[in-house]
Structures are given as structure tokens and as C-alpha cells.
Amino acid sequence: MSAIFGEILTFTQQHGGDVALATIGDDKYARYETVDGFSVVYDESREGYCYADVDGPGPGRRFRSTGVRISERPPKGLRRHLKEGQEYRRLLVKERSERAVPQDRLEELDPDGLFTFGANRGLLLGDRLSEGDVQGLTILVTFPGTSTTVTPADVDAMLNGPDYHANGNHCSVREFFRAMSSDRLRFGNTVVGPFQMSRSRLTYANNEGLLAPEAIAAAVDAGVDFSRFDSQGRGIVDSICVLYAGPTEFAGDLWPHSTVFSRDVGQGMRTQFHTVTSMGRTPAEQSIGTFCHESGHLLCRWPDLYDYGKIEREGDDFTSAGLGSYCVMGAGNHLGNGRKPSPVCVYLRRLVGWCATDVDIATPGTYQAKHADYDTALIYQNPDREDAEYYLVENRSRIDFDEKLTSDGLAVYHCDIKGSNEFQQGSLLHHYQCALLQADGHLDLETNANQGDGGDLYGPTEGTAVSHSSRPASTWWDGGESGLTISGIGAPGPVISFRTGEQSTGGAAVSGSSTPQALIPELDPGGLTDAITLQGAGTVRELAVTIDIEHPRIGDLRVVLMTPSGRRAVLHNRSGGNTKNLLLKLDSRPPSALAPLTGDAVTGSWKLKITDSAQPGAGTLRRWELKVRTAG
């Protein structure tokens, strides 16, 4: 199920031309807004998109068309960012989720509708086809009035080519799964069609459950032998992929998705799982990312590693990014415009048995994380929850399949097969199934600030990067100390070395102070910056800061400490209101703001930046002091 997180996309109308709409959701539930924030629905009676209102208050409220096309001014008094009710959204998602599960497995669904839990030891319900030779059937379809110059040969090359790089694609779909599985899964596709559908493209975009049945019926009528696509002898077609003409349209049947349609197709065979994606208008629009994502659901039964954010549960109605661009089953299928998708993260590879070797990094020592060693998992296990909760470490340097990542370095994942990517709170009961420890401590993925940025992965670090006192910390989900400590991380590249285990508790005391008696500029974004230069070997194990500022209203002040490497800690952020004078005494014991600075090199210029957001009320930095205990 490919998700869209507020992107501006183009949609077709019967009349009035194409329109640009902000899109939020996936194939289970989505809503659409104009670029200035008004909710919209497609109104067939007006043959186009109209402003939406809700049909009443309460959790069961639904959108209704106002009848006013979005090319006109919105109705007077209409509010922006309207949403349908929680109860209605939940019901809709429940119905659509049930349609994506084989009928004989429905009783295994969580009765409360927690569909993002991996009910089958972290995986979706249904038979898994993650090893051996699997030959899928790909059905090409066109629509009256919709043209494409993509040929069956173009599609065959994209799906099966041994050396496919057309239009900047990294490889073919077959080679993607061969690489990720270390040659365990050889997924090929037989291409048939194109078959012209009976209705307009717009009809399928505004309805559900029409396209796949009609496409399969067309293949049956054409005499396709479905028994060729049953690698397990189950009497079930392993894989059916429907590729439709034209660009991807994130609406109705045309939203890329994986679901179930069961039909008898002769010779004792019946269909089950199928996917739907687009083949584009021209060969130049072909990309493998979404096909790989949807096939990951169908074949390997991988869950989405992002937050749907639409089934309000336990008060959670907030969309977060999940694993973001760091996995093809998150938002990574969109990297490089879908042509250079992210690899399958080590968490999902290990769930389906694609990692032959588990390297236990609980024993203190030096380890090597090799890039593209997809057959190995570096694991730190919770002994009280064996095979359920653990940490995984992986080399995600920006080379090969990781070329388009925003960050570069060592990835550390906190995993729990009983977790859910609906829950970004990071607590015992509400946590991700696979969470990336973001090295900068900003939690941008949890807050949906982005799908990944340059501060997420761990770069070269002489001292401790991950520990019980780092931010983020290497605790278990129940808050207990895990004991995982990672230090001495090497530079990104084909091999990243790192150490586990506590560093020596020895080391030296290093300190410095400054008494600038300097005025703090008012309403100046640059503020005042003062520096203390420390000299000392090693890295920071413990840190203490004392700051003395004279000011008539400390609620106007923002104080930031910067390490020689550029890491920052906000020590005071416009709190305290009308209180006079700011005297701060902080140490690095969690949850202190100084905790993330442990592990940095000691030597260099430590800077204190102070800004004053209001006037009058000039202040003075009288004195500040640093005390550091270095790691041995």
C-alpha cells in the first residue's frame, strides 16, 4: 500500500481539465485538499472535484459535496482542513483491510482493527512466497481514450531484465528481489495483454473493486493458462499484477495497492493476491519502486513501515513517517522518482529468513558492518523477550542501492515484532515495529517532519554514540537499560567498523571558563556567541555547564550550546516569563539536554549562543563554565 504524505498531485476530471490536489493517505483511506487547504470530493453529478463539507457533527460524520466546483470561490463560511469522523474512517479502513486478507484467515485479524500489527510474527496474514522460483502473471490494461506508448517488451524488460538500467532505474524488479534475498527469491513475470477495459479511466479512479476483476476476466477470455503460475501446487495463482495505462493516479482502483480477489480461473486454479500499479504514458515514465513495494506485500507479506494515522486508537490520530525513506516498505519506494528505491531494511529481510547469519554484538568488541551484505544481521537481543525485541545495526552508506538516501552512515534500529507503526510515542505499549534511532536526536520521523534527513545515521564518532545516556538512548521499550553501547564508529563506506561495550570509566577532568561581561543584542537573530576552547585527549563522558546571565526577563532568551563538531543542545528556550536573571547549572545525566553531547571529541571551540527575542530589556552574559570528564 503506497502512501502519500501531503504531496501535490495531479488528478483528472470529466470536465474542467486536470487539477492539483494535496493528497494524504493510502489505498485504505485518503483525503484530498486544494492547495489552500479546503477538503474536496469528486462529484459525479458535476463531473469534477467540488468543495467538501461534512454531513453533521460526531464521529460518524462523512464528507458531502457542496456542489461548488473548486475552480470557483469556496462557499461562504466553509472551514479548511475538514476531516471525516473517526468512527466512519475506522469502519472504512476495517472493511478495506478485511478485503486484503484471505477469507480463511479473517478470524486471525485483531478484533479491534489493529491492522498494522504484524499478526504473523511481524508479517501480514497469508501464505508467504519468499524463496524459490516464483513466476507471476502481469496483465497490461488500457482504457478508452487513454493512450500509452509502453509496449509489453518495455514492461518485460523492467520486470525481468538481467541488466536493466533504462531511464535511470537501478535494476529490474527480478534483480531487486534477487539482491535483497541473496538469490533466495527469483521472482519473474510473464506479461500478457494489453487488454482494453470497458470503462473510462476516470470511472476506475472514482470506484473500487472494478479493475482487477475485469482485467483477470480479460486474461481468462484470452486463454491464459493460469496453472503456469502456481509454484507451490496449491491451486492458487502465486502473483497477479495489473499494470494500467497512463500515469499513477492516487484515487480509487488506480491507487497502487495489494489486496485479495478470489475467482475460479479454470484447471482447478483460483486467484488470490494481486497488485495494481501504473505502467506510465511512455517508457520514460517506467520505474520499479512501487512495483517492488507492492510485490513485497504480496510475496513476502511485509507490512507497511509507516503510520497510517487515520484509525484513531488510544488517542492516536497523528500521522508519523515510520521508517521513512530507509526501507522500500516505508517511503523508500519513491527515492530517485521510484527508479532507485531504498533496499529492504535488515529487519524485514530477517523476518522472512533472508539473513543466514546472525552476528551477536552483545559481546564487547569491534565489529564490521559491510554494505550490501544482505545475508547478515548484526543483532543485540533482549534476553527477556527473545526473538521479539532487539536492536539491529546496518551499514547504510550512500552507495549502490542506498545512493539516494538523505543520510550516510551506520543505522541502528529498535525492533519489536509486536509493535505497530501506528504508534510513534516510543512507550512500552505504543511504539513502532521498527524504529530508526536518529543520531541527531530530533525524532523527525516520529513527528512527521520529514521522511529522513542528513542527521539520521551515525557518522564517524571517536567516542560513544549510543548508550543508556545518549539521546536517543538504547533502552528497551519498557524503559529498562539494554546495555547496548556503540562507540568508535568509522566513516561511511563499503565497511563501517564500530565497537560495542562500555568504554573505560577512567579519563581526565578538563574545564574552561569565560567571563565576557558581554551585552546580548536585542531582536538580532545572530545574537551573542562566546567560546571556550578546551584541550584534552579523548571524548566526553560526563559534561557540566554553568551559565550566569543578567537579564530583566528570561522568557525572552534562547541559549544554545554547540560542540566543536557542530552538535547542538538547547539549554533554555524562552521559558520563565518575567523572572529576572538566568542561572543555569546542568549536567549530562538523562534526560538533560546535555545528554546527546556525550561521546563528542573534547578538543576544540565550544560555543554558547544567546538570542533575545524582545525589547526593551538588554541583558549581559556575565560568566559561563564547562567541566568535562573524558572517556578513558
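Note that these values count all heavy atoms, side chains included, but never hydrogens, waters or copies made by symmetry. For this chain, numbers begin at 1 and follow the sequence in order.
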Polar contact flag, side-chain donor to acceptor under 3.5 angstrom, [X]-[Y]:
{"X": "His371", "Y": "Asp402", "result": "yes"}
{"X": "Thr190", "Y": "Gln135", "result": "yes"}
{"X": "Glu294", "Y": "His257", "result": "no"}
{"X": "His414", "Y": "Asp416", "result": "no"}
{"X": "Gln433", "Y": "Tyr347", "result": "yes"}
{"X": "Asp456", "Y": "Ser407", "result": "no"}
{"X": "Tyr413", "Y": "Glu394", "result": "yes"}
{"X": "Arg396", "Y": "Ser342", "result": "yes"}

Worksheet item: Between His293 and Tyr306, what is the ring plane arrangement, given parallel below 30°, perpendicular above 60°, and tilted in between?
Response: parallel
Just verifying a value: how many Å separate [X] [atom1] and [Y] [atom2], rounded to the nearest 0.5 Å?
{"X": "Ser172", "Y": "Arg178", "atom1": "OG", "atom2": "CZ", "answer": "9.0 Å"}
{"X": "Glu214", "Y": "Arg199", "atom1": "CD", "atom2": "CZ", "answer": "5.5 Å"}
{"X": "Arg350", "Y": "Ile379", "atom1": "CZ", "atom2": "CD1", "answer": "3.5 Å"}

Worksheet entry | Non-hydrogen side-chain atoms of Asp238 and Asp230 separated by less than 4.5 Å | yes
Practice prompt. Please tell me if the side chains of Cys345 and Leu305 come closer than 4.5 Å, counting only heavy atoms from C-beta onward.
Written response: yes
Worksheet item: Does the pair Asp264 and Arg270 meet the rule for a salt bridge (charged side-chain N to carboxylate O under 4.0 Å, His left out), with working shown?
Response: CA-CA 4 Å; Asp264 184 352; Arg270 62 183 174 90; over 6 Å; no
Worksheet item: Under 6.0 Å from the six-membered ring centre of Phe273 and within 45° of its axis: does the NZ or CZ of Arg301 meet both?
Response: yes
